[in-house]
K.L.:
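There's a structure below that I have some questions on.
Computed from heavy atoms alone, side chains included, the values below leave out hydrogens, waters and symmetry copies. Predicted, not measured: the structure shown is a model, and the values here were computed from it.
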2 protein chains.
Amino acid sequence: MQISKNEQDYIKSIFKLQADGSVSTTALSEHLHLKAASITDMLKKLADKKLVSYKKYQGVTLSTKGEKLALELIRKHRLWEVFLVEKLNYKWDEVHAIAEQLEHVEGLDLINRLDKFLGLPKFDPHGDPIPNEKLVLTKQNLSQLGKITKPGKYQVSMVNQDNPSFLQYLTKLSIKIGDIIKLHELITFDGSLNISINNSTSIFMSNTVANGIYVYKLNN
Amino acid sequence: MQISKNEQDYIKSIFKLQADGSVSTTALSEHLHLKAASITDMLKKLADKKLVSYKKYQGVTLSTKGEKLALELIRKHRLWEVFLVEKLNYKWDEVHAIAEQLEHVEGLDLINRLDKFLGLPKFDPHGDPIPNEKLVLTKQNLSQLGKITKPGKYQVSMVNQDNPSFLQYLTKLSIKIGDIIKLHELITFDGSLNISINNSTSIFMSNTVANGIYVYKLNN
DNA sequence: ATAATTTTTTAGGTTAGTCTAAATTTTTAT
DNA sequence: ATAAAAATTTAGACTAACCTAAAAAATTAT
Ligand SMILES: [Mn+2]
Ligand SMILES: [Mn+2]
Ligand SMILES: [Mn+2]
Ligand SMILES: [Mn+2]
């Protein structure tokens with residue numbers, strides 16, 4: 001049974017939204033920028049194809065088959081992003097739309113060959129982990145910088161990639177994956193922060209921006 | 001105005017078939033494996049979009065705009081084929097179907113970056129010339145090995161890539177682009193040939209196979 | 001120059017994927 | 001426990017891209 005590009009994008013969206021429990025029609029409607037009626041139509045088709053379990057008015061969950069497909073697509077998307085940045089010298093804010101197309105390209109063994117060619121990378125340019133050939137996705141235990149409560153040293157491990165202009169702003173601040181952030185002061189009033197990056201001069205950061213940065217706590 | 005993947009494939013087919021004069025509905029129908037009625041439908045749409053000039057019962061020709069699009073697609077197809085062979089180690093008989101998908105991927109500057117990454121190759125893995133960034137396609141003056149009338153030395157410059165099993169057969173004979181073929185004898189009865197490749201022991205080749213090999217005559 | 005054949009177009013239908021507007025169900029507030 | 005609001009589904013329409021069968025035009029053969 002062949003699964004269309006559009007069906008594939010629905011599956012990816014359900015995967016992304018299903019953090020806890022089932023995904024609502026409205027959530028999908030917003031995420032895919034489609035009307036709710038279109039979502040309902042498609043959910044019926046995906047259920048027919050056994051990719052999701054769906055009951056009227058109850059939202060939707062991925063089946064095992066659907067989850068496997070989602071992981072394949074995420075693997076493809078992230079590996080192509082690595083290719084675009086590492087080999088074609090794109091910036092991290094330019095690759096998403098292209099990877100969104102490349103992830104749908106089919107070919108025997110294509111993605112595993114690409115993986116090897118890239119040196120079996122573990123993370124994509126935004127710090128997201130790449131499922132391995134067996135589709136195992138290793139989740140990291142990260143915190144949003146904006147939610148952190150005590151000063152200290154943290155490593156930038158992942159950033160929110162939904163908004164290119166957010167990524168461009170991080171570039172302007174010269175914040176990259178792997179950088180060490182020292183959190184000096186926390187303004188409780190509005191959640192804004194005073195930080196320094198890789199020991200350079202300290203800067204101010206709004207809570208909104210800080211919430212798009214995921215960090216790992218360093219011991220010292 | 002956006003041009004769909006299917007419209008793009010029609011444009012490529014018209015380009016390939018329009019060697020001399022206009023292309024007939026039947027020719028396109030056979031090339032695309034679609035019914036003639038479907039071709040007629042699409043030709044109207046392509047004419048609306050000014051990609052072709054089309055008059056009922058008169059066949060179709062590419063407009064300047066259509067020709068430019070065709071060359072872009074051919075450039076993309078051939079560069080992706082180079083990528084698959086050179087970087088991902090595919091064999092020349094495995095790349096066509098994947099490139100057929102990759103050629104439709106859109107991205108600002110994507111194909112020129114790929115071109116640079118590959119070292120601005122002049123030919124694809126089958127010996128077909130690649131249009132340059134300005135879309136100039138340099139045609140070579142080649143002959144089909146099966147049509148040659150006198151013995152002599154020839155260089156394999158291009159091969160017919162439509163049939164993967166033909167390419168596999170060439171691999172079995174260890175014939176590659178750039179090889180030197182010495183044509184020893186021509187059997188006029190059935191057009192078959194007696195040749196040797198790169199000075200190794202001579203082999204027999206049918207006229208059918210020889211016609212899939214395009215060669216350049218060497219002076220001596 | 002007619003008739004037969006081939007090519008091409010038209011007419012009408014199907015499926016995938018979307019939409020708007022209306023109806024229905026579920027959830028929330030009084 | 002009702003009523004109001006929100007979420008969801010249904011109904012009906014549209015476009016892209018294909019199909020089959022029939023009609024029309026062009027070409028070829030007698
Ligand atoms: Mn996609
Ligand atoms: Mn990413
Ligand atoms: Mn194609
Ligand atoms: Mn080729």
K.L.:
Give a yes/no on whether any side-chain N or O of A/Thr26 is located under 4.0 angstrom from OP1 or OP2 of D/dA6.
P.N.:
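No, no such contact exists.
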
K.L.:
Taking only Lys NZ, Arg NE, NH1 and NH2, and the carboxylate oxygens of Asp or Glu, determine whether A/Lys45 and A/Asp41 approach each other closer than 4.0 Å.
P.N.:
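Not counted as a salt bridge, because no side-chain N and carboxylate O are separated by less than 4.0 Å.
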
K.L.:
Look only at the side chain of B/Glu103 and the backbone of B/His77, and say whether a donor-acceptor pair between them is shorter than 3.5 Å.
P.N.:
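No, B/Glu103 side chain to B/His77 backbone: no donor-acceptor pair under 3.5 Å.
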
K.L.:
Mind calculating the distance between CD (B/Gln8) and P (D/dA16) to the nearest angstrom?
P.N.:
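Checked: the CD to P distance equals 15 Å.
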
K.L.:
Grab the NZ-P distance between A/Lys49 and C/dT15 for me, whole Å please.
P.N.:
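Distance check: A/Lys49 NZ to C/dT15 P gives 14 Å.
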
K.L.:
Check whether B/Asp124 reaches the backbone of B/Arg78 with its side chain - one donor and one acceptor, N or O, closer than 3.5 Å.
P.N.:
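No; zero donor-acceptor contacts below 3.5 Å.
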
K.L.:
Once you round it to whole Å, what is the distance between P of C/dT7 and CG of B/Leu28?
P.N.:
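Roughly 14 Å, once rounded to whole Å.
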
K.L.:
Over how many whole Å does the gap from B/Glu7 atom CD to D/dC18 atom C1' extend?
P.N.:
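So the two atoms are 14 Å apart, to the nearest Å.
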
K.L.:
For residues B/Trp92 and B/Leu167, report the shortest heavy-atom separation together with the two atoms involved.
P.N.:
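Shortest heavy-atom separation between B/Trp92 and B/Leu167 comes out as NE1-O, 3.3 Å.
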
K.L.:
Can you tell me how far C1' of D/dA26 sits from NZ of B/Lys55, to the nearest Å?
P.N.:
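So the two atoms are 16 Å apart, to the nearest Å.
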
K.L.:
How long is the line joining CG of B/Asp9 and C1' of D/dC18, in whole Å?
P.N.:
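One finds 14 Å between C1' of D/dC18 and CG of B/Asp9, rounded.
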
K.L.:
Would you say A/Tyr54 places a side-chain N or O within less than 4.0 Å of OP1 or OP2 belonging to D/dT9?
P.N.:
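Indeed, a polar side-chain atom of A/Tyr54 lies that close.
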
K.L.:
Closest heavy-atom contact between B/Tyr154 and B/Lys217?
P.N.:
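For B/Tyr154 and B/Lys217, the tightest heavy-atom pair comes out as CD2-CA, 3.6 Å.
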
K.L.:
Whole angstroms only, please: what is the CD1-C1' distance between A/Ile11 and C/dG17?
P.N.:
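Taking atom C1' of C/dG17 as the reference, CD1 of A/Ile11 is at 15 Å.
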
K.L.:
So, taking the atom named CD1 in A/Ile11 and the one named NZ in A/Lys65, what distance separates them when rounded to the nearest 0.5 Å?
P.N.:
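So the gap between those two atoms works out to 9.5 Å.
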
K.L.:
Can a side chain N or O of B/Lys56 be found less than 4.0 Å away from OP1 or OP2 on D/dA24?
P.N.:
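For D/dA24, OP1/OP2 do not have a side-chain N/O of B/Lys56 under 4.0 Å.
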
K.L.:
Could you check how far CD of A/Gln58 sits from C1' of C/dT26, rounded to whole Å?
P.N.:
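Going from A/Gln58 (CD) to C/dT26 (C1'), I get 9 Å.
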
K.L.:
Scan residues 29-48 of chain A against DNA chain D and write down, sorted by residue number, each residue with any heavy atom closer than 4.0 Å; if none is found, say none.
P.N.:
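Nucleic-acid contacts, sorted: A/Ala36, A/Ala37, A/Thr40, A/Lys44.
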
K.L.:
What nucleotide, of D/dA17, C/dT8, D/dT9, holds the atom closest to the side chain of B/Asn6?
P.N.:
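Per side-chain heavy atoms of B/Asn6, the pick is D/dA17.
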
K.L.:
Which residue in the set B/Glu94, B/Lys76, B/His126 passes side chain to side chain contact (heavy atoms under 4.5 Å, CB included) when paired with B/Glu81?
P.N.:
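Looking at B/Glu94, B/Lys76, B/His126, the match for B/Glu81 under the side chain to side chain contact (heavy atoms under 4.5 Å, CB included) is B/His126.
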
K.L.:
Measuring from the side chain of A/Tyr57 (C-beta onward, heavy atoms only), which nucleotide among D/dT10, C/dT26, C/dT7 has the closest atom?
P.N.:
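Side chain of A/Tyr57 sits closest to C/dT26.
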
K.L.:
D/dA25, D/dA17, C/dT24: which one has an atom nearest the side-chain heavy atoms of B/Ser4?
P.N.:
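Nearest listed nucleotide: D/dA17.
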
